[in-house]
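Counting from 1, the numbers follow the sequence of the chain as shown. Since this is a predicted model, take the numbers as computed values, not measurements.
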Amino acid sequence: ETTLHELRRAVPELKSSLASVMKVAAESLTYQQSLESSGQAARLPSASLDGCMEDFFSHCDQVSHLMATAYDSYIFSQSSGQYCSVHVRSPAASTGQSYSDFLVAVDQQVKTAEQLLGILDTFVADLSKPSASRTA
């Protein structure tokens with residue numbers, strides 16, 4: 001999973017965590033207000049405000065880390081682009097052939113190039129041998 005996918009997943013979790021903090025904070029305030037005004041508590045908060053805050057800050061740290069990672073990746077890709085002036089496109093995308101067919105074609109081209117290299121090596125070796133016709 002890429003950093004951006006993780007970030008897209010983490011942001012809604014952060015929003016949900018913030019909503020929980022707001023809900024528990026409101027329940028805590030209502031509870032404290034009812035204690036102060038009547039001396040009786042209406043209802044205990046459903047969750048611990050400290051626990052919700054810890055969860056919220058944990059999500060904040062996660063989103064912050066993912067954003068820093070995504071930014072670093074972006075900067076790295078931008079700076080490494082200066083060393084690679086050729087933009088690589090998949091030939092399969094422009095010709096409509098599948099990636100596996102493309103790999104087979106490349107494999108055949110490599111084998112043909114190896115055969116040509118062998119033929120040229122043999123030719124050069126034959127040229128470098130002294131022949132009877134050249135010495136006469």
Side-chain angles (χ1 to χ4, degrees):
E1 205 172 295
T2 67
T3 303
L4 291 178
H5 285 55
E6 291 179 41
L7 190 57
R8 286 184 183 133
R9 181 188 45 79
V11 168
E13 292 174 1
L14 177 64
K15 288 180 180 179
S16 173
S17 179
L18 177 60
S20 294
V21 167
M22 299 301 287
K23 178 183 170 217
V24 171
E27 289 174 356
S28 293
L29 285 174
T30 304
Y31 177 77
Q32 290 295 328
Q33 185 181 18
S34 66
L35 270 179
E36 290 175 5
S37 64
S38 66
Q40 294 181 348
R43 198 177 92 188
L44 284 173
S46 61
S48 161
L49 183 59
D50 290 339
C52 287
M53 291 295 289
E54 285 179 25
D55 185 53
F56 173 71
F57 285 124
S58 171
H59 282 96
C60 285
D61 289 343
Q62 181 184 15
V63 168
S64 175
H65 172 72
L66 290 171
M67 288 177 70
T69 303
Y71 180 74
D72 289 345
S73 297
Y74 172 75
I75 293 298
F76 177 75
S77 71
Q78 291 299 314
S79 66
S80 64
Q82 67 185 343
Y83 302 110
C84 181
S85 60
V86 178
H87 295 285
V88 179
R89 269 186 30 182
S90 168
S94 60
T95 62
Q97 72 184 135
S98 71
Y99 187 69
S100 59
D101 291 341
F102 171 69
L103 290 179
V104 168
V106 168
D107 185 52
Q108 290 172 346
Q109 291 172 355
V110 168
K111 287 178 182 174
T112 302
E114 288 172 344
Q115 290 172 348
L116 283 173
L117 180 62
I119 292 168
L120 288 173
D121 283 342
T122 305
F123 179 72
V124 169
D126 287 345
L127 281 179
S128 61
K129 288 181 187 175
S131 72
S133 63
R134 281 193 227 157
T135 57

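Put simply, OG on Ser48 and CE on Met53 are 10.5 Å apart, with the number rounded to the nearest 0.5 Å. Expressed to the nearest 0.5 Å, how far CG of Leu14 lies from CG of Leu7 amounts to 10.0 Å. The CZ atom of Phe56 sits 12.5 Å away from the NZ atom of Lys15 when rounded to the nearest 0.5 Å. Taken to the nearest 0.5 Å, the OG atom of Ser28 stands 11.0 Å off from the NZ atom of Lys23. Atom CD in Glu6 sits 6.0 Å away from atom CZ in Arg9 (nearest 0.5 Å). Once rounded to the nearest 0.5 Å, the distance linking CG of Leu35 with OG1 of Thr30 reads 11.0 Å.
Atom CD of Glu13 has more than 12 heavy atoms from other residues, nucleotides or ligands within 6.0 Å.
Side-chain heavy-atom separations under 4.5 angstrom define the hydrophobic clusters, and Leu4 shares its cluster with no other residue.
Under the 4.5 Å side-chain criterion, counting only non-hydrogen atoms from C-beta, Leu29 is not in contact with Gln32.
Linking Ile, Leu, Val, Met, Phe, Trp and Tyr residues whenever their side-chain heavy atoms come within less than 4.5 Å places Val11 and Phe57 in a single cluster.
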Throw together a table of side-chain donor-acceptor distances under 3.5 angstrom for residues 61-72, partners on residues two or more places apart or in other chains.
unit_1: Thr69; atom_1: OG1; unit_2: His65; atom_2: O; d: 2.9

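In terms of heavy-atom proximity, Cys52 sits nearest to Ser20 at SG-O, 4.3 Å.
Panel note: side chain Ser16, backbone Pro12; no donor-acceptor pair is recorded below 3.5 Å.
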